[in-house]
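Here is the structure we will look at.
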Amino acid sequence: MSLTENKILTIEGRGIPLEGNDIDTDQVVPARFLKEITFKNMGDYLFYDARFDEDGKAKAHPLNDSKFKGGKFLVVQENFGCGSSREHAAQAIKRYGIKAVIGISFSEIFSGNCKSLGIPIVQLDKDQIAKIAHALTDDPTVMCALNIENETFKVGTKIFFFSMAPTLKASLVGGTWDALTLLQNNDQKTNRLDASLPY
Amino acid sequence: MSKNTLYDKVWDKHKVDTLPTGQDHLFIGLHLIHEVTTPQAFSMMEETGATVKFPHRTFATTDHIIPTQAQERPFADSKAESMMQALENNVKKYGIKYFDFKSGKQGIVHVVGPELGLTRPGMTIVCGDSHTSTHGAFGALAFGIGTTEVRHVLETQSLALNRLKVRKINVTGDIPKGVYAKDIILAIIQVLGVNGGIGYAYEFNGEVIHRLSMEERMTICNMSIEGGARIGYINPDDVTYDYLKGREFAPKGEAFDKAVDYWKSIASDNDAEYDDVVNIDGSKLEPMVTWGTTPAQSIGVSGKIPSLESFSEDDRPVLSKALAYMDVKEGQFIKGLPIDVAFIGSCTNSRISDLREAAKVLKGKKVNVKTLVVPGSQSVRSQAQKEGLDKIFTEAGAEWRFAGCSMCLAMNPDRLKGTQRCVSTSNRNFMGRQGSPTGRTLLMSPASVAASAIEGKVADIRESY
Ligand code: SF4
């Protein structure tokens, strides 16, 4: 894949609002689903225990609500993705079809995993998130548009301005969110650092 | 911005370059791997024919899916068996040192690294596991990473990262009897919140911290991540050097002395600058217990579950959900709450000193609920048996198991059933964490869990002395 193909500039689609602070990665993908040596099926397990009861019957949850089907933006609250480092959580979100996550705050490791997979993480303040969630609940068909370069998120005609860490923005816009190539380009310098360490 | 802290010094020593995105290119000195978060990284490498850049800087063991009773191969659980086989094939193919059952050194990756002397001050250490922060107890920058990053480390021995801010957490005073490292970190998380550490590395400092043993320090750093801090560390001191002396992978003889010089040089300077400083009075602490579904939802064991009114309106919906899930009420005393299961284990509290504390409480007594004691590693297990702790546990009616993560996250057969309530020495009381989607977890120190197991309800360890 060339870097141009990987560039993430704009995303358009509908949104799915999710309530609750501190949604941990055990809620995003429960541990019993980690016993697979590929990420292939993770999309099926997204929020499994919140969506299904022990007999597999669907519970009330935005992801089970036909109104929100096909949404590309997941709108969350505070400290989303806290807990374990499992990339399975970000993989599940991506494989389910979510293209970007919008919220108040995110755990560090989860954000890093999202970056590695090219899922933009957008941070807005509490009031703005409340407004967005409200708008989506009111009208699930409303179209949203994320523009990374301009740092704007549009919900219908309303525009929300966010500020993204310059390093994340550069990685998304430049198509280098998976940093492997950048790290490989520094191979000689890496070798010199290895040789300079006292251990 | 912080200056001359251990964080700054170790970061600068390992910084390869600034990447075009503005992120830092950081060299990783030690990489630890286990069976759950690596197979996908290795298969991506297989697709491109990539190799492991420095195989001698990566070490493997197996912990998450390990059954703690019947360990014959193939495992009864075919998915667990296939994860084991994937790891075994990968370490063989790429020439990575692997501590398996036969080595006598297998165990939870965060117990094994330190006890073998792989974990040392002044290193950068990563593992595809959020509790890698444990290794910060030695004065290393240690943090959890995702699977794509595991691949980056395997292929390039480095990562693209943003620098964190540094918060110093000073714990002073004399901690009362019955208060353990676990209680200190639960109290810190209660004060700073589960997201207070986002964007920060935590430096634990102050006389209380430096009086702790290495094992206690690991308990503290282990749970940094529960406070939102990806990294937690403690400046190395004589306790650190004494612990490392003679360990299998620690430098020997003259090399050890030279290493100590390096280790001393990376400790935070007395006049180091921090982005934030927080002071905690250790003499005010109590044995802690969590009542809710995040590690910050905790109280002193003699206290009452807080009323919703004491929280902001925004927080109340989440809190009432936690109360309902845990089947407890606001204003209720936590002491005396009936329990169904007790779990002593996990990378937070499964080291020999943890088992000794639990054994002290259980000696000559009988447990009233199903109690599992799961040592953190095969070495811990054999040391405990040498000291006769296993007998104390089994005579008290507890189950003495083989080493692994076990009921900390229940990827193996050890799990809660239905709405069972479990007092646990692990680190996460998330909904469904211990294997039942409706199971309930109360986090405590090993001594408190042992005392509660005897009574069959939440107990105050201070009444057991
Ligand atoms: S003991 Fe628990 S927290 Fe620690 S590594 Fe194992 S599963 Fe993770």
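These numbers come from a predicted model, not from an experiment. In the text below, chain A, chain B and the rest are named by the order of the sequence lines, each starting its count at 1.
- By the side-chain contact (heavy atoms from CB on, under 4.5 Å) test, A:Leu197 is found to be paired with A:Leu193, A:Tyr199, B:His14, B:Phe27, B:Arg57, residues two or more places apart in sequence or in another chain being considered.
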Checklist entry - Where do B:Arg230 and B:Glu149 land on the salt bridge (Lys or Arg N to Asp or Glu O under 4.0 Å) test, with the steps shown first? => result CA-CA 15 Å; B:Arg230 193 178 188 177; B:Glu149 290 172 313; 3.7 Å; yes
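- At a 4.5 Å heavy-atom cutoff, the contact between B:Ala86 and chain A is made by side-chain atoms alone.
- For a residue to count as touching a neighbouring chain, one of its non-hydrogen atoms must lie under 4.5 Å from one of that chain's; by this rule B:Pro437 touches chain A with backbone and side chain alike.
- Within residues 43-64 of chain A, the residues having any heavy atom closer than 4.5 Å to a heavy atom of chain B are A:Asp49, A:Glu54, listed by residue number.
- In terms of non-hydrogen atom pairs under 4.5 Å with chain A, the most contact-rich of B:Ile65, B:Thr438, B:Leu159, B:Leu30 is B:Leu159.
- Proximity to chain B (any heavy atom under 4.5 Å) is restricted, for A:Gln27, to the side chain, taken from C-beta onward.
- When each of B:Gly199, B:Ala80, B:Ser43, B:Pro317 is checked for heavy-atom pairs under 4.5 Å with chain A, B:Gly199 comes out on top.
- For the atom pair OG1 (B:Thr21) and CG (A:Leu172), the distance works out to 10.5 Å, reported to the nearest 0.5 Å.
- Your options are A:Leu168, A:Asn185, A:Asn191, and the one with the most heavy-atom pairs under 4.5 Å with chain B is A:Asn191.
- Considering only heavy-atom pairs separated by less than 4.5 Å from chain B, the leading option among A:Arg86, A:Glu19, A:His88 is A:His88.
- For the residue pair B:Glu226 / B:His131, a side-chain donor-acceptor distance below 3.5 Å is found, with atom types taken as modelled.
- Heavy-atom distances place both the backbone and the side chain of B:Val36 under 4.5 Å from chain A.
- With chain B as partner, the option from A:Ser171, A:Gly83, A:Ala89, A:Ala90 having the largest number of non-hydrogen pairs under 4.5 angstrom is A:Gly83.
- At a 4.5 Å heavy-atom cutoff, the contact between A:Thr190 and chain B is made by backbone and side-chain atoms alike.
- By a heavy-atom distance cut of under 4.5 Å, B:Arg428, B:Phe430, B:Met431, B:Arg433 are the residues of residues 427-436 of chain B near chain A, going up by number.
- Between B:Lys53 and A:Asp194 there is no salt bridge, since none of the side-chain N atoms of the basic residue sits less than 4.0 Å from a carboxylate O of the acidic one.
- Of all residues spanning residues 93-126 of chain A, those with a heavy atom less than 4.5 Å away from chain B's heavy atoms are A:Ser105, A:Phe106, A:Ser107, A:Glu108, A:Ile109, A:Asn113, A:Lys115, A:Ser116, A:Leu117, A:Lys126, arranged by number.
- Across B:Leu161, B:Thr132, B:Thr37, B:Val150, a single residue satisfies side chain to side chain contact (heavy atoms under 4.5 Å, CB included) together with B:Ile145, and that is B:Val150.
- Inspection of the A:Thr167 and B:Asn162 side chains reveals an N or O donor paired with an N or O acceptor under 3.5 Å.
- Interface remark: of the candidates A:Asn79, A:Leu183, A:Asp26, A:Leu183 forms the most heavy-atom pairs closer than 4.5 Å to chain B.
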